Amino acid sequence: MKYLLLAIPALLIYSSYNKMQKIKKLIENLEVKLTKIYHVKVQLLKKQITFLADISIINTQKEALNVETIGLVTLKRVLFYDTNSALIGEGIINISSVTIDPNKNLELKSIPFTANMATGLTKLQSFLKNPESQDVFIELELEAFNKVYKTRL
């Protein structure tokens, strides 16, 4: 009985880890498009720009991305970096349940973003005009079991 009590949590952890690895692999193959920037506010004292953005997350895989985690895994932030890996800006999302069918997209509206005033807005605007541009890299930040995972798209 004692061994059974030890085996159950070990199996749960192993199962959760395998599911997280599968989800991470699916997430790495997602496409993220910044579709709209609006309500831009310049904060001179903080040297930053805040705005709302609409993002489209596209599942190009033949398998659905289905994350029903009961709060165990959360998509926390979307991070934008330039080619030198300098952080341009970040958007706070906090979604714990996501379903994106194969070859479909998920529209996220009115995500609050903060960007560096010096480079953030110009880089994000150029990215908005040309999403295929290699000037901006997108990273998704996930939190699972109190550990943060980042995956670059």
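Bear in mind the structure is a predicted one, so any value in this text is a computation, not a measurement. In this chain, numbering begins with 1 at the start of the sequence shown. What's counted below: heavy atoms across the whole structure, side chains too, no hydrogens, waters or symmetry copies.
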With no hydrogens and no angle check, do the side chains of Lys47 and Asn116 hold a donor and an acceptor under 3.5 Å apart?
-> no
For Leu52, the hydrophobic cluster (side chain heavy atoms closer than 4.5 Å, chained through members) also holds Tyr38
Among Asn94, Ile55, Val78, find the residue that satisfies the side chain to side chain contact (heavy atoms under 4.5 Å, CB included) test when tested with Ile111.
-> Ile55
For Asn103, all residues meeting side chain to side chain contact (heavy atoms under 4.5 Å, CB included), sequence neighbours excluded | none
Are Phe80 and Ile58 connected in the hydrophobic side-chain network, where two residues link if heavy atoms are under 4.5 Å apart?
-> no
Which residues satisfy the side chain to side chain contact (heavy atoms under 4.5 Å, CB included) test with Leu44, sequence neighbours excluded?
-> Val42, Met117
For Leu79, which of Leu87, Ile88, Leu140 qualifies under side chain to side chain contact (heavy atoms under 4.5 Å, CB included)?
-> Leu87
In terms of the angle between their ring planes, are Phe51 and Phe113 parallel, tilted or perpendicular, with boundaries placed at 30° and 60°?
-> parallel
Separation between OG1 (Thr60) and NZ (Lys104), nearest 0.5 Å, reads 14.0 Å
Residues in side chain to side chain donor-acceptor pair (under 3.5 Å) with Ser56, at least two apart?
-> Asn105, Glu107
Sequence neighbours left out, what pairs pass salt bridge (Lys or Arg N to Asp or Glu O under 4.0 Å) with at least one residue falling in residues 87-96?
-> Arg77-Glu90
Might you point out which heavy atoms bring Leu108 and Ile93 nearest each other, and give the distance in Å?
-> CD1-CD1, 4.1 Å
Kindly compute the distance separating CG (Asp54) from OG1 (Thr35), expressed to the nearest 0.5 Å.
-> 4.5 Å
Test item: Thr50 side-chain N/O and Thr114 main-chain N/O as donor-acceptor pair under 3.5 Å | no
Applying side chain to side chain contact (heavy atoms under 4.5 Å, CB included) to Lys46 and not counting sequence neighbours gives Gln43, Gln48
